[in-house]
Engineer: 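Take a look at the following structure, please.
Chain letters run A, B, ... following the sequence lines, proteins first, then strands; residues in each count from 1.
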Amino acid sequence: MKIKFIPIDYDYFDCEGRNWVRIVGRMENGKKALIVDSCDAYFWVILKDGLSDKKVDKVCERIEKISVEGKVRIGKVIRTEIASKRFLGKDVRAVKVYVNNYKDAHDIASQIDYDEVYKRREYDLSFVSRYIIDKGVKPLVWCDVEGEMISGDDFGGIGRVDVDVCLKAEKMEESKKQIEFKPRILAYDIETDEFEIGKGEIVMISLVGEDCKKVLTWKNGNKNYIKNYSDEGEMLGGFVEEVKKYDPDILIGYFSDGFDLPYLRARAEKNKLKLNLGVDDSQPVFSRGRMMSGKIKGIVHVDLFRFIRTAYSQYLQSESLSLNDVANELLGEKKVEWKHKHSSKIKKDEWNQYFEYNLKDSEITYRLMEKLLPDLLEFTRIIQEPLFNISRDSISAQVENYIIHHINEYDEIIEKRPYNNEIGVRRAEEKYEGAFVFQPVPGLYDHVVFFDFTSMYGSVIVSFNLSKSTLVEKEKNSFGIDIGKKVYFSKKPGFFSDMIGEMITKRKQVKGEYNKNPDPILRARSNAFKLLVNAAYGYQGFFGARYYCREAAASTAAFARKEIKNVIDMIEKKGYKVVYGDTDSICFERDNRSKKEVLNLLKEINEKLPGIMELDLEGFFKRGIWVSRRNGDVGAKKKYALIGEDGRVKIRGFETVRRDWCGLAREMQNKVLGLVLNEGNEKKAVDYVRGIINKLKKREIEIDKLIIKTQLKRPVEDYKSINPHVSVAKKMIEKGMLVNVGMLIEYYIAGDDKKRSLVRDRARMVDDSKEGNADYDVQYYLRNQILPAVENIFEIFNVDVNSLLDGERQKGLGEFS
DNA sequence: GTTCGAGTCGTACC
DNA sequence: ACGGGTACGACTCGAAC
């Protein structure tokens, strides 16, 4: 039988001591298919240089005799092969050791500790990765499959699955013709009586897909999308039934790894039911790790929250990654308003609102997925790991997987993952010097220009060939750099910088295509490359990386510092005054010179930059403001505001953009910055601030503008210093409220500070049940929130902010001198 | 009991 | 434990008086 097939979900199983891969995907006609296939399981033994052929043969003979006895099977070496390969850029001779089961590779490898052996590698790859690499059956890439139908009890019952076609593959190859693929997506969300997993009952479950809008419940409701059940257990059965009927490729939730799926599983158990969502009727499986991941066989369970956090959060400006904040920013949608309470406390006429709320959550999740799907698909295609992993992997894992799936072209044996003791050593290493930040002089600057380097660290890695495999002792064909000690890198290109270079080239190309044809897929592809390139630097400095290289990371930062300083010099030599710069950006005054002249300068600089490094025009700005540091009189770094020629204000680092300042201070500072930048003077801003101060003094400010939000980053008992938010969190726990690590603690400061008591003792949680909450400490808000937010801005205009307190305008000394 | 520098903590920038 | 370093600034802690 021959089919055209797109692989979506992969897993493996053992049958008769051998490893098999099971792939679930779709056929061209939209039907679901399951393919069973296999590949060799093996690892590499790299030999020391200069061994005689005879000695090598002897090593192979010894290896072939190895067997390890496990609980369920005996691990054996099937055969060996001698090959010429490369390892970290050097030619090596290596033995390819084939084993009957990949899970025994590690144990077998550890027995091969002979004198002739240099290293043992690739015993730590997952079988699915091995399969994808060796067979070239890539996720979400159409392939032509030839195979035999299997059914019933084949492979220990693997054929007993709920798919349309089930094949054992004989031949699989990438299709010449790739057609568009639209996965079938279903979003879900549950509502429960308690927040703790499995503690209370699940009262409703919403499902949203293409032409699907449902709320399953055993409570009474009369909306047309509601499906009624008699009790929780029946509803859970109905959920499984509805999911299977919809037949999704991808089931998505928001924070569903940590809440919805484990909750469903726990309640099914309580009801003595099976949550048999898998194509083989299996239940979801939760992998242990720092974070639980819920896996369903044959359906890719995606927790959108996790993908957004790793791949998207850096582009978001919302203050939290809650569904509401993210949906609001990306879709302009908000959740239905609903205050959580136990179902026994919900009044009859409130239930419909609750159902609406539940349905809306799934709708938002579904629409978010529509928006992010191109990114997920492109990440998957580029990195070539299964979607399940792509949606959950950390950024370092994404970089590493890209390397693993593209290294074959270099004939390289893959470096191993570090052991715990190596991680310990790496983490104990001293920090190295990072980026250069220009010391600004406080002031208001007219007509400023920003230049920035495109993908600076990536382009430095490529231009100077900085990686583990190119780090060498001082030699003829190398060059050195000082990172506290002198280190050298070969001029001969290595695979790491080669790969990064290729990604930069591809990105440029895709971006060019996108500009001609703004297709979301192209945009997603360009973004994926950009993200991977930018993460390559962090990857080399990350202690958990296979290709960890502190010297390369430190050298990347060192070369970057050198280059940006060079460019600053070049700009200053042309007579411009540089105002600021951070890592890869430079800001300078244009004075009365034309834009054309500035662009000529840019061109001139670019001709002198090394390798593939490139400087770009970020923009021309009408005005910019830099303020002084609160402690000391020099200019503050990483804090500035700009106004573009279109009137748009761009604020960096100021309290306005910090979520741990109260709304009033932030809004006011934002307004002040806008006024000052627009007007070029402080007059309107001063009047405005005076108004705010008076309102606050008269307690006319609503409490919700005075709430301070701070994240609880660890369990309360782990804190050495009890700051206000920790103190509030403790009070919340005492009250029996649910306090999770990672949540935002909201509080305000009450009472009066006559007694100089600690702030934390006056920090109060926001109590909705109380009317007014008008007991806030006016003095605290004036001295610790309002004045600090504008003090350094007005200082530039010689306005002493204390003079605003009593409503009288005073001028600083500077005005009279 | 007050004062002040050091240390802790969270958040932002790139 | 699951990218890096640089930087600001509020607040607490605790030694010194």
Engineer: Name the nucleic acid region contacted by Gly541(A), choosing base, sugar-phosphate or nothing; use a 4.0 angstrom heavy-atom cut-off, strictly under.
Structural biologist: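 It contacts sugar-phosphate atoms only.
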Engineer: Do you see a donor-acceptor pair shorter than 3.5 Å between the side chains of Ser391(A) and Arg306(A)?
Structural biologist: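 The criterion, which ignores hydrogens and geometry beyond distance, is not satisfied for Arg306(A) and Ser391(A).
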Engineer: Write down the distance between CG (Asn631(A)) and C1' (dA6(B)), rounded to a whole number of angstrom.
Structural biologist: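 Going from CG in Asn631(A) over to C1' in dA6(B) covers 13 Å.
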Engineer: Is there a side-chain contact (heavy atoms from CB on, under 4.5 Å) between Phe453(A) and Ile564(A)? Walk through the geometry before answering.
Structural biologist: CA-CA 9 Å; Phe453(A) 286 91; Ile564(A) 194 173; 4.2 Å; yes
Engineer: Taking Lys295(A) first and then Asp11(A), would you say they form a salt bridge - that is, a charged N and a carboxylate O separated by under 4.0 Å?
Structural biologist: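 Result for this pair is no, no salt bridge flagged.
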Engineer: Report which part of the nucleic acid Phe436(A) touches: base, sugar-phosphate, or nothing (heavy-atom distance under 4.0 Å, all strands).
Structural biologist: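 Touches nothing.
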Engineer: So what does Gln540(A) touch, heavy atoms closer than 4.0 Å: a base, only the sugar-phosphate, or nothing?
Structural biologist: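 Nothing, no nucleic acid heavy atom in range.
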Engineer: Reckon Arg426(A) touches a base, only the sugar-phosphate, or nothing at all at heavy-atom distances under 4.0 Å?
Structural biologist: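 If one applies the 4.0 Å heavy-atom cut-off, Arg426(A) turns out to touch nothing in the nucleic acid.
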Engineer: Tell me: CD of Gln669(A) to P of dA12(B), nearest whole Å?
Structural biologist: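 Nearest whole value for this atom pair: 13 Å.
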Engineer: Can you give me the first and the last nucleotide of DNA chain C (5' to 3') that has an atom within less than 4.0 angstrom of a non-hydrogen atom in chain A?
Structural biologist: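 Counting from the 5' end, contacts occupy dA1(C) to dC13(C).
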Engineer: Counting any heavy atom closer than 4.0 Å, what does Tyr640(A) reach on the DNA or RNA strands: base, sugar-phosphate only, or nothing?
Structural biologist: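 The residue Tyr640(A) makes sugar-phosphate contact but no base contact.
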Engineer: Please state how far atom OH in Tyr315(A) lies from atom C1' in dC14(B), giving the value in whole angstrom units.
Structural biologist: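 So the OH-C1' distance, Tyr315(A) to dC14(B), works out to 13 Å.
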Engineer: Whether Arg652(A) engages the ring of Tyr640(A) as a cation-pi pair (distance to the six-membered ring centre under 6.0 angstrom, angle to the ring normal within 45°) should be assessed.
Structural biologist: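 No, cation not above the ring by the 6.0 Å, 45° rule.
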Engineer: I need the CG-P distance between Leu744(A) and dC9(B), as an integer number of Å.
Structural biologist: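 Atom-to-atom, Leu744(A) to dC9(B), this comes out as 18 Å.
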Engineer: Between dT11(B) atom C1' and Ile651(A) atom CD1, what is the distance in whole Å?
Structural biologist: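 In whole Å, dT11(B) C1' and Ile651(A) CD1 are 16 Å from each other.
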Engineer: Any base atoms under 4.0 Å from Ala397(A), or only sugar-phosphate, or nothing? Heavy atoms, all strands.
Structural biologist: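 No contact.
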Engineer: Considering only heavy atoms, which members of residues 715-724 of chain A lie under 4.0 Å from some atom of DNA chain C?
Structural biologist: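 Ser721(A), Ile722(A), Asn723(A), Pro724(A), in order of number.
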Engineer: Think Arg652(A) has a side-chain N or O under 4.0 angstrom from the OP1 or OP2 of dC14(B)?
Structural biologist: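 For dC14(B), OP1 or OP2 has a side-chain N or O of Arg652(A) closer than 4.0 Å.
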Engineer: Rounded to whole Å, please give me the gap between CD in Glu618(A) and C1' in dC13(B).
Structural biologist: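 Going from Glu618(A) (CD) to dC13(B) (C1'), I get 13 Å.
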Engineer: Within 45° of the axis and under 6.0 Å from the centre of the six-membered ring of Tyr419(A), does NZ or CZ of Arg417(A) qualify?
Structural biologist: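 That pair does not qualify as a cation-pi contact.
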Engineer: Do the side-chain N or O atoms of His725(A) get closer than 4.0 angstrom to the phosphate oxygens (OP1, OP2) of dG10(B)?
Structural biologist: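 Answer yes for this pair, as a side-chain N or O of His725(A) is under 4.0 Å from OP1 or OP2.
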Engineer: For the residue pair Gln711(A) / Arg659(A), report whether a side-chain donor-acceptor contact shorter than 3.5 Å exists.
Structural biologist: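 The criterion, which ignores hydrogens and geometry beyond distance, is satisfied for Gln711(A) and Arg659(A).
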Engineer: Nearest-Å distance, CG (Leu531(A)) to C1' (dC14(B))?
Structural biologist: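 Value for this atom pair: 14 Å.
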Engineer: Examine the base of dT11(B) for any acceptor or donor lying under 3.5 Å from a partner atom in the side chain of Arg658(A), and report the outcome as yes or no.
Structural biologist: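 Answer is yes: a donor-acceptor pair is held.
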Engineer: With rounding to the nearest 0.5 angstrom, report the CE to CG distance, Met613(A) to Asp584(A).
Structural biologist: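 The CE atom of Met613(A) sits 9.0 Å away from the CG atom of Asp584(A).
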Engineer: For Tyr747(A) and dG10(B), what is the distance between atoms OH and P respectively, to the nearest whole Å?
Structural biologist: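 It is 10 Å, rounded to the nearest whole Å.
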Engineer: Quick one: do Thr310(A) and Asp393(A) satisfy side-chain contact (heavy atoms from CB on, under 4.5 Å)? Show the steps, please.
Structural biologist: CA-CA 8 Å; Thr310(A) 54; Asp393(A) 279 346; over 6 Å; no
Engineer: Would Tyr719(A) and Leu712(A) satisfy side-chain contact (heavy atoms from CB on, under 4.5 Å), going step by step from the backbone distance to the final call?
Structural biologist: CA-CA 10 Å; Tyr719(A) 282 90; Leu712(A) 191 71; 3.8 Å; yes
Engineer: Do Ile749(A) and Asn784(A) touch side chain to side chain, with heavy atoms closer than 4.5 Å?
Structural biologist: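 No, their side chains stay 4.5 Å or more apart.
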